[in-house]
Protein chains: 2
Amino acid sequence: MPTAIRGKTSKPDTELPAAAQVVEFVRRQIEAGRLRPGDRLPAERDLAEEIGVSRPSLRSGLQTLQALGVIQSRQGAGTFIAAGPPRLGGAPLSFLAALHGFTRDEMFEARRVLELGAASLAAERATQERITALADEVAAMFASLDDPQEFLIHDVQFHKAVATASGNPVLATLIDTISALVYETRKLTVERAHDLKESAEMHRRIYRAIKAGDPEKARDEMGTHLALARQAQASEEEARPAKRANSGRQV
Amino acid sequence: MPTAIRGKTSKPDTELPAAAQVVEFVRRQIEAGRLRPGDRLPAERDLAEEIGVSRPSLRSGLQTLQALGVIQSRQGAGTFIAAGPPRLGGAPLSFLAALHGFTRDEMFEARRVLELGAASLAAERATQERITALADEVAAMFASLDDPQEFLIHDVQFHKAVATASGNPVLATLIDTISALVYETRKLTVERAHDLKESAEMHRRIYRAIKAGDPEKARDEMGTHLALARQAQASEEEARPAKRANSGRQV
DNA sequence: GAGGGTCAGATGGTCGGACCATTGGTGACT
DNA sequence: AGTCACCAATGGTCCGACCATCTGACCCTC
């Protein structure tokens, strides 16, 4: 049927796929400030009618938003805009790692670049409140020298606190994303760790440099710490027979 | 022949949501090496049966994977594992920016941290081939001093080439993600740019530092360049009446 | 026989409707 | 007044159908 043209000059083919329309709709609502973190979206049946797509298509779009970490659904309750601190779900990076074979060393190196920058910025402009948060974590680390799992939690939180203290939420989000991946493997090997005390000491030196407002020193201390941490994790890894059979599993 | 009983007989429960099952299935295939970039997935109807979910649920899962940039569908052709260089779709960061009000300065600062690290690493270990790629982009910039849009393209590609030359794909992916956002706004203002020649000169100095294998100098030159670029873009922005009315739109 | 145009099957995209599972509030019962 | 059971609202899943697009094989023309 060559004659059947559906282009329609009035409505050029500008129409996006239905799912994309939903994403765009929500995006505009967010950018206009009509939807804020924690807010609840209309029920799917209502929202579908409002946007002008079917419910399956609407759900398709919402599925995308959920994958991006923008919304969160609870059966029986409703769909909500993600609340809490900015969080770039670890899933994307995790998939890229599996697809393209990112190695643990590469992840570690990227993390190093980000954390060095964050430490430097934190030393320049951390507020008193955030410096206190750092001190709390350092204290908690010293208090849990005999409990590796607990120690690791405060280790992670210290690094997160440094990222926050940098005052740059973009940087903090990126660090959080990578740290989540590193944490997963670290959790399995930390039991074999030794010298937790030395690790705590290093964190304390980082804290002091930030508190003193010395960017170069903060960067150096963080660099030293990460270099040793990387080495430590590698040895923890070796101490375990581990499974080498898998081909594509790096991270 | 049970008339219409829906499964659930032997499987106790603990089953993930249908969409998550699909994601997990594909993830395992990728990690096991059975699915590689460029490969085609089975048709939706077949795949749904294989995994044991309905087609709508399967599509829900595929929608998630598409949002993460893992797969790409083409109507009439099939669904394929994403090929090409690692790419973390800009959508996630873009949404976070809208949700939490990341400012352009914060994006720029995060980019600065990443690019400084990349420049430093590139100077340490760039291969001859990748150094040549840098040289090509610098030359292309000098050749397009009278064409701002073309100049901008090579500007972006130069930075991308530096990220690649760092030899760390994780870093390159993160830089690419942030650059995509910055590029969007820059494209609109570059026409007002002046001193393209000086910009090209700065890129050349960065290139030389990398070629000379001098990490500190590469880092410094990149830092100088980004500081000036940020300042330049700010003035380009001011030169335009622009729309200030929007409340939540920062990036 | 070779080339190009055409048609059918495959495949993803959309839709409407239906039913299930969970949640949270409300009203009835004690 | 307190507790509990019920029910409406809402997201989760599924079915079947039809449309839009692409791919490849078939057929007609030269």
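Every chain is numbered from 1 and lettered A, B, ... according to where its sequence line falls, protein lines coming before strand lines.
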Listed nucleotide nearest any side-chain atom of A:Ser57, set D:dG11, D:dT13, C:dC15: C:dC15
5'-most by nearest nucleotide on DNA chain D - A:Gly76 or B:Ala19: A:Gly76
d(CD, B:Glu44; P, D:dA20) in whole Å: 17 Å
d(CG, A:Leu58; C1', C:dC15) in whole Å: 13 Å
d(CD, B:Glu49; P, D:dC15) in whole Å: 11 Å
Sugar-phosphate, base or nothing in reach of B:Arg74, heavy atoms under 4.0 Å: sugar-phosphate
Gap separating the CZ atom of B:Arg36 from the CD1 atom of B:Ile81, nearest 0.5 angstrom: 11.0 Å
Which residue lies more 5' along DNA chain C, comparing A:Gln75 with B:Gln66 via nearest heavy atoms: B:Gln66
For atom CZ of B:Phe80 and atom C1' of C:dA10, their distance in whole Å: 12 Å
Interatomic distance where CZ belongs to A:Arg59 and P belongs to C:dG17 [whole Å]: 17 Å
Distance below 4.0 Å between A:Ser73 side-chain N/O and D:dG11 OP1 or OP2: no
Candidates D:dC14, D:dT10, C:dC15 - which lies nearest the side chain of A:Ala18: C:dC15
Upstream residue (5' side of DNA chain C) when B:Pro56 and B:Pro42 are each assigned their closest nucleotide: B:Pro42
Whole angstrom value for the distance that separates C1' of D:dT21 from CD of B:Gln72: 15 Å
Under-4.0 Å side-chain N/O to phosphate OP1/OP2 contact, B:Arg45 with C:dT11: no
Distance test, side-chain N/O of B:Ser54 to OP1/OP2 of D:dT13, below 4.0 Å: no
Nearest-angstrom distance from the residue atom CD of B:Gln63 to P of C:dT14: 8 Å
Side-chain donor/acceptor contact of B:Arg55 with base of D:dG16 under 3.5 Å: no
A:Gln149, CD atom: more than 12 neighbouring heavy atoms under 6.0 Å: yes
D:dT10 phosphate, OP1 or OP2, under 4.0 Å from A:Arg40 side-chain N/O: yes
Atom pair distance, as rounded to whole Å: CG in B:Leu62 and C1' in C:dG12: 10 Å
Touch class at under 4.0 angstrom, heavy-atom based, for A:Ser60 against every strand present: nothing
Contact summary for A:Val23 and A:Gly61, nearest pair of heavy atoms: CG2-O, 4.0 Å
Non-hydrogen atoms of B:Thr79 and B:Ser73 that approach each other most closely: OG1-OG, 3.2 Å
Lys/Arg N to Asp/Glu carboxylate O, B:Glu49 vs B:Arg45, below 4.0 Å: no
